[in-house]
Amino acid sequence: MIADHILRAAGIENFDDTCEPGAAHALAIKDGTIIAVGGDEILDHLHGHDTVLHEFPGATITPGLTDAHAHPVWGSIEIGGGLDLGSARTLDEACAVIGQRLHRLPEGAWITGFNLDINVFGGDPTGAVFEERFPGALISLMTRDAHALVVSPAVVDEVGLTGNETFDDASQVVVGADGKPTGFIVELQAMALILDHYPDIPVVIAAGHVAHQLRLLAATGLTGLHALDFTDPSEAVYREIEATGELPLRVRCSPLVPADSGRGVWETIAAQQSLAGRRWSVEGVKFMLDGTADNGSAWFEHPDVFGQNQKPLWKDVGAYRDAVRFFTERGIPTATHAIGDQAVRFALDVIEEVGRPEAGPHRIEHIESIPDDLLDRFAALGVVASLQPVHSR
C-alpha cells in the first residue's frame, strides 16, 4: 500500500508509554485515514511516486484536539448576527456599541448581543437605561455566562412580560420594588420567552454562520467537539452543511434534558440517540442541575452574602435522580452542569447510585467551586471532571 501523504516531524506524541521518546517521527495517510506511525521505515515502504511528503522540522505532531464543551449552533448564530460586547467594560462603552449598530438598522429592528459583563451596571442589572438612551428600541443582550438576558422595556412590552410568569425550573423574570419586570431575565426557560421572539434566521444562513465558526475552530487544531445541546435548528443546520460539503470537524451532540421534565420528554430524547450524519451524531444527554454564581442561581452548600446561590435549578431533585437513572439504564452517558459545591456533591451522589452506562462515563461540567473532599470521588466513581480553562483561575 502506498500512502497519499506522509508527515515527518521531530517527534509524534502517540500517548504510548512503551514507545521510546522520538522513536516515532513519521506517519502515513491513505484516503484520509492514518495507516502507519513509526520511523524511517514509513518512507521506505509507503512512499510512492504520487505520495506528498510534508516536512515539519523541530515540531511535534499530536492527535487532534477535542473541545469537550461547546454550543456551536446557538453560539455561531449569536456571533453571526449579534453584537459582541466582550470589550465593553462600562455601561457607556456598551451603549456606544449598541448605538453604532442601531444607527445602521431600520426602525423596529431587534438589537441582539452577547458576552455582556453584568458588572457594567454597577448593581442590579436593568434594561431601563436602554430606554433612556434608545427610546423604543428592541434590545436583548445575553450575559457573558449565557444564562441570562438584559432586555429593554420595549422588549418587555413586545413579549408581554408581567413578572408573574412561572416556570418548571428556577428560571425567573426579575421584578423591581414596583412589581414590574426590570428587564433581567434569568435562566433558560425564562430566556426562551425572549429568544422565541427573535427574528427568524433561514437555515441556510444559520448553516453559513456555523460552518464559518467551525472552520475557525478547525484551523486551531480542533478535530472534534462536544455540542452540549441539540435544540432547533441544530439538526437542520448540520444536515444543510453536509448537503453541500462536509462539517469541518466531528460534532458529538448531547440534547438538554429540561429541568423537572417527565418520562415522556426523556423517551423522546432517548429516541434521538439514533440520529447522525457523516460527521455529527447524537450520543449522550445534558442536564443542568444549577445555574451560575454570577446570576445567583448556582447551588452552594451555603448562600452567598446576598442570600442567593442556595437552590438547584431542578425544583424536584428527585426527578433529576430518576432521569439520570432512566438514561443510564439505557446505556446513555450523561453530562451534568454543576457549578456550586452542593450541586457537584449531589450529582456525584446520584452517579454513585445509578452506576456507569455502557456507552461511556458520566461527566460533570464546570465544577467551578468544590471542596477538596470531593476530588477523590471523581476518580473513585470514574466520572469525567469537565473543567473549562476559564474556570480554573
Side-chain angles (χ1 to χ4, degrees), residues 1-72 75-76 210-228 238 241-242 245-254 276-281 283-284 333 335 356 358-363 365 367 375 378-379 382-393:
M1 180 182 294
I2 299 300
D4 298 326
H5 300 270
I6 292 178
L7 283 64
R8 185 164 59 178
I12 296 178
E13 177 55 74
N14 58 8
F15 298 102
D16 183 354
D17 292 338
T18 65
C19 184
E20 291 293 329
H25 55 263
L27 66 80
I29 299 172
K30 177 71 174 179
D31 296 329
T33 300
I34 295 175
I35 58 174
V37 176
D40 291 336
E41 74 279 1
I42 298 293
L43 279 77
D44 296 337
H45 301 298
L46 300 177
H47 188 280
H49 178 73
D50 295 324
T51 301
V52 179
L53 178 62
H54 305 268
E55 299 276 8
F56 300 98
T60 297
I61 298 173
T62 70
L65 303 175
T66 296
D67 185 335
H69 190 122
H71 299 280
S76 297
V210 174
H212 174 68
Q213 294 299 324
L214 294 185
R215 283 194 293 269
L216 294 178
L217 293 176
T220 69
L222 288 179
T223 58
L225 59 79
H226 294 178
L228 295 193
Y238 296 138
I241 294 173
E242 290 193 331
E246 293 288 359
L247 283 166
L249 38 70
R250 298 187 183 279
V251 181
R252 170 181 168 173
C253 307
S254 295
R278 292 191 298 276
R279 289 188 177 175
W280 66 270
S281 61
E283 302 177 53
R356 177 186 172 120
E358 294 180 3
H362 293 293
R363 295 166 39 172
E365 308 298 310
I367 51 176
L375 296 178
F378 281 87
V383 177
V384 175
S386 180
L387 174 67
Q388 286 68 56
V390 70
H391 297 148
S392 64
R393 292 179 296 178

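In this chain, residues are counted from 1 in sequence order.
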Nearest-0.5 Å distance, [atom1] of residue [X] to [atom2] of residue [Y]:
X: H71; Y: S76; atom1: NE2; atom2: OG; answer: 11.5 Å
X: H69; Y: L228; atom1: NE2; atom2: CG; answer: 4.5 Å
X: S386; Y: R363; atom1: OG; atom2: CZ; answer: 4.5 Å
X: R215; Y: L247; atom1: CZ; atom2: CG; answer: 10.5 Å
X: L217; Y: D67; atom1: CG; atom2: CG; answer: 7.0 Å
X: L222; Y: T66; atom1: CG; atom2: OG1; answer: 7.5 Å

If every non-hydrogen atom of [X] is compared with every non-hydrogen atom of [Y], which pair is closest and at what distance?
X: G382; Y: R356; answer: O-NH1, 4.0 Å
X: A227; Y: P72; answer: CB-CD, 3.5 Å
X: I42; Y: A36; answer: CD1-CB, 3.5 Å
X: G360; Y: P333; answer: O-CB, 3.8 Å

| query | Tell me the salt bridge (Lys or Arg N to Asp or Glu O under 4.0 Å) pairs involving residues 29-55, sequence neighbours left out? | reply |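 Residue pairs with at least one partner in residues 29-55: D4-K30, R8-E55.
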| message | Please enumerate all residues that pass ring pair (Phe, Tyr, Trp, His ring centres under 6.0 Å) together with H5, with sequence neighbours excluded. | response |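 Ring pair (Phe, Tyr, Trp, His ring centres under 6.0 Å) list for H5, sorted by chain: H54.
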| Are R279 and E242 ion-paired here, with the side-chain N under 4.0 Å from a carboxylate O? |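 Here R279 does not pair with E242 in a salt bridge, since their nearest N and O are not under 4.0 Å apart.
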| task | Walk me through it: do L46 and T51 pass the test side-chain contact (heavy atoms from CB on, under 4.5 Å)? | result | CA-CA 8 Å; L46 300 177; T51 301; over 6 Å; no
| query | Under 6.0 Å from the CZ atom of R250, do we count more than 12 heavy atoms belonging to anything else shown? | reply | no
4.5 Å side-chain heavy-atom contact, [X] and [Y]:
X: L7; Y: I12; value: no
X: I241; Y: W280; value: no
X: F378; Y: P361; value: no

| request: Go through Q388 and E365 one step at a time and tell me if the side-chain contact (heavy atoms from CB on, under 4.5 Å) criterion holds. | output: CA-CA 8 Å; Q388 286 68 56; E365 308 298 310; 4.0 Å; yes
| task | Take L249 and V251, measure what side-chain contact (heavy atoms from CB on, under 4.5 Å) needs, and give me the verdict at the end. | result | CA-CA 6 Å; L249 38 70; V251 181; 4.0 Å; yes
